[in-house]
Amino acid sequence: MSYKEAQKKYAKIGVDTEKAIAALAKIPISMHCWQGDDVGGFESVGGASNGIQTTGDYPGKATTPEQLMADIKFAMDLIPGKHRVNLHACYGIHTGKVVDRDKLGPEQFKPWVDWAKKNGYGLDFNPTFFSHRNVVDGLTLSSPDPKIRAFWVKHGIQCLKIAEYFAKELKSPCAINFWAPDGYKDEPSDRLGPRQRMADSLDKIFKTKYDKKMVVPTFESKLFGIGVESYTVGSHEFVMGYAQSRKILALLDMGHFHISENVADKISSFLMFFGKVAFHISRPVRWDSDHVIRQNDDLRAAAQEIVKMGPENFIIALDYFDASICRVAAWVLGMRNMQKELLKAMLVPNAQLKALQDAGEFTAQLVLQEEYKNYPFEAVWDEFCARMGVPAGEEWFKTVQKYEKDVLLKR
Ligand code: RNT
Ligand code: ZN
């Protein structure tokens, strides 16, 4: 079906495809640098540890800043629209001796800023509370050892400075996400103490002066991790309470809940009480496995809520890392899948369906929700990609395969 025919078909149900295309072009997605090297970073060759793990050993991963930048740029060029890059503190660029986390500053991130400027990307940021010797007994900000807490507090403060540097240099607010792996493998005797200590550490971090318009702290909750099965300090309730009371944003990661929970259902409540919602788009398979996102029901449901609540009220960041497949393809596929689901959600006559719900017309609601799934979305997507100057269909993969052969596999 041609775009013109699809446009007419959608118009009949009150959907303006031109509006949808224009709206989608304005949604920036924060693409995570860490898919490019299995959350490795540039501090050591040890790889991800202390609360983060990747599986797979697909060849060709980026091991230097130049390689990672080249791979991100290659992926970005196959993704329609203008987007952001999400960096972690462990991706600082060190000349000579590695500067420890408590002493990091803008200096280690200047090459990233220069590169982002050149390519027109916004930058977001994350302190790295893992893959480090000062994660002691699995604890950072909640450690009973005041020296360990002080180290991580200093890290958080330095990261706020780096986020402010990004925002000012790139003239675009920087979201900085706090996630700490702290927790216990087995039943702790004290559940309160670690939470009090974590709150106190965070308060010390956020006491630093930072530009509240340009730096947007978010705080990510988690149910459990491998090795931290019985207790997570930054649980959902802890994060909600902390963020709400300190007037920062809470962040929802799709992999950080019980597997049967509907994460999309949480969005409207978050929006009501926080005004804005930060999101890690991920795909858990039986656990927080961080698989590449697919066009599945969970992603569809999240995208529908984002569209209905107003995409401008969201910080959409991807968070997955699959080391068993081509990492560049994983980026392109995930970014495009997110955009496809956002577009699909925009091509649904939401006002009409809402009216059916309010009128108690549940049969019609169900029938139409299903029928609309088969509308000619693809024609609109193809048109969007053509206007954005990127391949619409699977041809993008051929380009990645060539890059893989010519560049990645030669590393
Ligand atoms: C871990 C969290 C966190 C990390 C990134 C690398 O479970 O999801 O967001 O994935 O900070
Ligand atoms: Zn996450």
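Remember, it's 1-based here, ligands and their atoms both numbered in the order they're listed. Nothing fancy with the numbering, it's 1 onward along the sequence.
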List, pair by pair, the atoms of ligand 1 and of the protein that are both N or O and lie under 3.5 Å apart, giving the separation rounded to 0.1 Å.
unit_1, atom_1, unit_2, atom_2, d
ligand 1, 7 (O), Lys222, NZ, 2.7
ligand 1, 7 (O), His256, NE2, 2.9
ligand 1, 7 (O), Asp288, OD2, 3.4
ligand 1, 8 (O), Glu220, OE2, 2.9
ligand 1, 8 (O), Asp253, OD2, 3.0
ligand 1, 8 (O), His256, NE2, 3.0
ligand 1, 8 (O), Asp319, OD2, 2.8
ligand 1, 9 (O), Glu220, OE1, 2.7
ligand 1, 9 (O), Glu220, OE2, 3.1
ligand 1, 9 (O), His280, ND1, 3.2
ligand 1, 9 (O), Asp319, OD2, 3.0
ligand 1, 10 (O), Asp319, OD1, 3.0
ligand 1, 10 (O), Asp319, OD2, 2.8
ligand 1, 11 (O), His88, NE2, 2.7

Which donor-acceptor pairs under 3.5 Å do side chains of residues 104-113 form with protein atoms, sequence neighbours excluded?
unit_1, atom_1, unit_2, atom_2, d
Gln108, OE1, Gly105, N, 2.9
Lys110, NZ, Asp114, OD2, 3.0
Trp112, NE1, Tyr91, O, 2.9

Under 3.5 Å donor-acceptor pairs involving side-chain atoms of residues 272-284, not counting sequence neighbours:
unit_1, atom_1, unit_2, atom_2, d
Lys276, NZ, Glu312, O, 3.4
His280, ND1, Glu220, OE1, 3.4
His280, ND1, Glu220, OE2, 3.2
His280, ND1, Asp253, OD2, 3.4
His280, ND1, Asp319, OD2, 3.1
Ser282, OG, Asp290, OD1, 2.9
Ser282, OG, Asp319, O, 2.6
Arg283, NE, Val292, O, 2.7
Arg283, NH2, Val292, O, 3.0

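- Taking the six-membered ring where the residue is Trp, the centroids of Trp179 and His88 are separated by 6.0 Å or more.
- When the Zn ion (ligand 2) is compared with the N/O/S atoms of Glu220, atom OE2 turns out nearest.
- Shown are Tyr210, Phe125, Tyr121, Trp115; of these, the ring-ring contact (aromatic ring centres under 6.0 Å, His included) with Phe166 is made only by Phe125.
- Aromatic pair Phe74/Tyr403: ring centres closer than 6.0 Å.
- The Zn ion (ligand 2) has an N, O or S atom of His280 closer than 2.8 Å.
- Under the rule for a side-chain contact (heavy atoms from CB on, under 4.5 Å), Lys247 has no partner lying at least two apart in sequence or in another chain.
- With respect to the Zn ion (ligand 2), Asp319 has OD2 as its nearest N, O or S atom.
- Taking 2.8 Å as the threshold, Asp253 counts as a candidate ligand of the Zn ion (ligand 2), since one of its N, O or S atoms lies below it.
- Side-chain N/O atoms of Asp124 and His32 include no donor and acceptor closer than 3.5 Å.
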Show, in sequence, the C-alpha distance, side-chain angles and deciding distance for His94 and Phe42, and conclude whether the ring-ring contact (aromatic ring centres under 6.0 Å, His included) test is met. CA-CA 8 Å; His94 306 261; Phe42 304 128; 8.6 Å; no
